[in-house]
Undergrad: 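Okay, handing you the structure first.
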Protein chains: 2
Amino acid sequence: MTIADTNSWRGIQAELLRRINEREWLPGSLVPSEADLAIEFGCARATVNRAMREMADAGLLDRKRKAGTRVALHPTSRVVLDIPIIRLEVEQRGAEWRYSLIESSAEPASLALTSRLGLPRDSEMLHVRSLHYADNRPFLHEDRWINLDLLPHVRSVDFSAISANEWLIQNAPYTAGDISFSAMGADAGLADLLDAPEGAALFVIDRITWDKDRPVTAVRLSYAPGYRMNTKI
Amino acid sequence: MTIADTNSWRGIQAELLRRINEREWLPGSLVPSEADLAIEFGCARATVNRAMREMADAGLLDRKRKAGTRVALHPTSRVVLDIPIIRLEVEQRGAEWRYSLIESSAEPASLALTSRLGLPRDSEMLHVRSLHYADNRPFLHEDRWINLDLLPHVRSVDFSAISANEWLIQNAPYTAGDISFSAMGADAGLADLLDAPEGAALFVIDRITWDKDRPVTAVRLSYAPGYRMNTKI
DNA sequence: CAGTGGTCTAGACCACCGC
DNA sequence: CGGTGGTCTAGACCACTGC
């Protein structure tokens, strides 16, 4: 009974998921050791490990050496978001992408920004603001600051021909990033640009990327009203 | 040269990441086969596979049998969000969590909802609305519909003693879910509940969970203004 | 100390698919 | 056909940690 269809790691994982979902293994309870499960399923321990490691990564199992493996008490759902290049995001929605540069100029960055990035105060950064359109309707406003120390040659890039979003992804690798999602009311300027009423609720993504502790770019994406970011668990 | 610090899979992965980040391997280019890399690093092929599989999962590499492994052309950044129980989310912020039930009653669900869930029209569902507080200030409004066909005994649960959020996580397993994030202006009712001005921009999470194609629950979480959801890449 | 998970190995077979 | 990644095995050593 409860024989996995196959003794592949996927089959074993499915069986383990079933036991958790059907409350055969209760939250918080200790589950058999890898070695025991390997015997039960008639496979190598590495195969059981492969199945269980993913479940532990996903937060479904808590594993500790010597203490063994337990079914997680508070299974936090883990959501994976893919954040593509904006052009591709628009095109994947079946819309025509268009892009328009508003402003690109080197300016001293605000104290709030430089301190957040760990740069000297009054550092000069390249400030690029642009609008992305989907089928000729404003889709999002991209407000970006680029670290000129790290990318000096960015001064000569023509951001009316390629979006900063796309240029950076192709030319400025990063090793880490902070992202936050929030909602914000549109101020007068944004409302005008996005063709929305002032105060309209906008979905906002703030992102800072780093290349080994050196900041690359800080960007705020403000989506036109009605935008939804969808995914599955 | 370019010797990995160790021949552990993490060391190898770090070295591969370095080669990609430093443009030693260009986007779109073919990288050596697992077997060749195993020889180069002096380790087993499985160890190289372990390192590369994660990078492929993360979208950094494109792998195909026979065709080999290439550096991804459009590295879409993949973001992982952990969505915990609301009580824990509040407590992790160092605030005191409090909860208050607004309403819990069985009602026929709207046509929009039943069709979305694939239930017969006018199906009766349990409608639970409640407020979560952080340090006595409104934190979020939870507006939930629960499938009474799937969970008939939920009628007798006292949702003034335990939040629907927490009860469901502990008692109603699911196998899949759809999530969407958006921004919404507060209507009069929400504004009043969340102690916010009418029209204030709210961060909203809509989630539907399924247990093998049967809907479990649909919920909308409307966060009080100022909420940010943070994560790292 | 001893049991558990974390990792690595050397080898093997297979599925896929470009050639 | 043959090269590549996907997976599985049997075994091994080790790190961690509860007892």
Side-chain angles (χ1 to χ4, degrees), chain A residues 2-17 19-20 25-75 78, chain B residues 2-17 19-20 25-73 75 78 80:
Chain A
T2 70
I3 304 268
D5 301 357
T6 83
N7 56 355
S8 69
W9 72 267
R10 287 175 188 283
I12 291 170
Q13 190 177 65
E15 169 61 13
L16 302 185
L17 281 170
R19 294 186 186 181
I20 293 173
W25 288 345
L26 294 174
S29 66
L30 194 64
V31 314
S33 72
E34 288 189 352
D36 289 346
L37 287 172
I39 293 170
E40 177 188 341
F41 291 118
C43 69
R45 182 165 76 94
T47 307
V48 176
N49 181 278
R50 177 86 159 87
M52 297 184 88
R53 179 161 32 86
E54 287 207 353
M55 297 170 69
D57 287 345
L60 276 152
L61 296 176
D62 286 330
R63 317 196 75 188
K64 250 184 288 184
R65 286 172 180 164
K66 166 73 181 180
T69 299
R70 291 177 180 279
V71 179
L73 269 177
H74 299 297
R78 184 150 300 182
Chain B
T2 69
I3 304 267
D5 300 356
T6 84
N7 55 354
S8 69
W9 72 266
R10 288 178 188 280
I12 290 170
Q13 190 178 64
E15 169 60 14
L16 302 183
L17 281 170
R19 293 186 187 180
I20 293 174
W25 287 346
L26 294 173
S29 66
L30 194 64
V31 313
S33 71
E34 288 188 353
D36 289 346
L37 287 172
I39 294 170
E40 178 188 342
F41 290 118
C43 68
R45 184 165 77 91
T47 307
V48 176
N49 180 277
R50 176 85 159 89
M52 297 183 89
R53 179 162 31 86
E54 287 208 352
M55 296 170 68
D57 287 345
L60 276 157
L61 296 175
D62 285 330
R63 317 196 74 186
K64 253 183 286 187
R65 285 170 181 169
K66 167 71 182 178
T69 299
R70 290 177 180 279
V71 180
L73 269 177
R78 184 151 301 180
V80 176

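A note on names: the letters A, B, ... follow the listed sequences, proteins ahead of strands, and every chain is numbered from 1. Worth knowing before you read on, the calculation uses all heavy atoms, side chains too, and leaves out hydrogens, waters and symmetry mates.
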Undergrad: Mind calculating the distance between CG (A:Asp36) and C1' (C:dT4) to the nearest angstrom?
TA: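 Those two atoms, CG and C1', are 11 Å apart.
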Undergrad: What is the distance, to the nearest angstrom, from the CD atom on A:Glu34 to the C1' atom on D:dT9?
TA: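 Going from A:Glu34 (CD) to D:dT9 (C1'), I get 15 Å.
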Undergrad: Between B:Val31 and B:Val71, is any pair of side-chain heavy atoms under 4.5 Å apart?
TA: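 They are in contact (side-chain heavy atoms under 4.5 Å apart), so the answer is yes.
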Undergrad: Could you tell me how far apart B:Arg63 (CZ) and C:dG18 (P) are, to the nearest whole angstrom?
TA: 16 Å
Undergrad: Sequence neighbours left out, what pairs pass salt bridge (charged side-chain N to carboxylate O under 4.0 Å, His left out) with at least one residue falling in residues 58-67 of chain B?
TA: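 Sorted result for residues 58-67 of chain B: B:Glu34-B:Arg63.
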Undergrad: Between A:Glu40 and A:Arg19, does a salt bridge (charged side-chain N to carboxylate O under 4.0 Å, His left out) hold up when you go through it step by step?
TA: CA-CA 14 Å; A:Glu40 177 188 341; A:Arg19 294 186 186 181; 2.6 Å; yes
Undergrad: Where the side chain of B:Ser33 is concerned, which of C:dT7, D:dT9, D:dG5 is the nearest nucleotide?
TA: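 Ranking C:dT7, D:dT9, D:dG5 by closest atom to the B:Ser33 side chain puts D:dG5 first.
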Undergrad: Can you measure A:Asp62 atom CG to C:dG5 atom C1' for me and round it to whole angstrom units?
TA: 13 Å
Undergrad: Which of residues 48-61 of chain A have a heavy atom under 4.0 Å from DNA chain D?
TA: A:Arg50
Undergrad: Using the test salt bridge (Lys or Arg N to Asp or Glu O under 4.0 Å), find all partners of A:Arg70 that sit at least two apart in sequence or belong to another chain.
TA: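 Once residues adjacent in sequence are excluded, A:Arg70 has no partner under the salt bridge (Lys or Arg N to Asp or Glu O under 4.0 Å) criterion.
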Undergrad: Report the distance from atom CH2 of A:Trp9 to atom CE of A:Met52, rounding to the nearest 0.5 Å.
TA: 14.0 Å
Undergrad: Residues two or more places apart in sequence or in another chain: which of them pass side chain to side chain contact (heavy atoms under 4.5 Å, CB included) with A:Leu73?
TA: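 Side chain to side chain contact (heavy atoms under 4.5 Å, CB included) check on A:Leu73 returns A:Pro27.
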Undergrad: Go through the structure and list residues passing side chain to side chain contact (heavy atoms under 4.5 Å, CB included) with B:Leu60, not counting sequence neighbours.
TA: B:Leu17, B:Met55
Undergrad: Return the value, rounded to whole Å, for the distance between atom CZ of A:Phe41 and atom C1' of D:dA10.
TA: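 My rounded result for the distance is 19 Å.
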Undergrad: Can you name the residues that form a side chain to side chain contact (heavy atoms under 4.5 Å, CB included) with B:Ala44, not counting sequence neighbours?
TA: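 Scan of B:Ala44 (side chain to side chain contact (heavy atoms under 4.5 Å, CB included), adjacent residues dropped) gives B:Thr47.
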Undergrad: Do A:Phe41 and A:Leu16 have side chains that get closer than 4.5 Å, going by heavy atoms?
TA: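 A side-chain contact exists here, since the closest heavy-atom pair is under 4.5 Å.
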Undergrad: Going by side chain to side chain contact (heavy atoms under 4.5 Å, CB included), name the residues that satisfy it together with B:Asp36, two or more places apart in sequence or in a different chain.
TA: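 In terms of side chain to side chain contact (heavy atoms under 4.5 Å, CB included), with neighbours along the sequence ignored, B:Asp36 is linked to B:Pro32, B:Ser33.
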Undergrad: Counting primed atoms plus P, OP1 and OP2 as sugar-phosphate and everything else as base, spell out the protein contacts along nucleotides 11-19 of chain D at 4.0 Å heavy-atom distance: B, S or - for each nucleotide, 5' to 3'.
TA: -B--BBBB-
Undergrad: Can you measure A:Ile39 atom CD1 to D:dA10 atom P for me and round it to whole angstrom units?
TA: 12 Å
Undergrad: Could you check if a side-chain atom of A:Leu61 sits within less than 4.5 angstrom of a side-chain atom of A:Ile20, using non-hydrogen atoms only?
TA: yes
Undergrad: Would you say B:Thr69 reaches D:dT4's phosphate, i.e. side-chain N/O to OP1/OP2 under 4.0 Å?
TA: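 So the side-chain polar atoms of B:Thr69 never come under 4.0 Å of the phosphate oxygens OP1 or OP2 of D:dT4.
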Undergrad: Roughly, in whole Å, what's the span from CZ in A:Arg70 to P in C:dG3?
TA: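 Taking CZ of A:Arg70 and P of C:dG3, I get 17 Å after rounding.
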Undergrad: Taking both distances under 3.5 Å as the test for a Watson-Crick or G-U pair, what stems of at least three pairs does DNA chain C have?
TA: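 Stem segments, range with range: C:1-18 with D:1-18.
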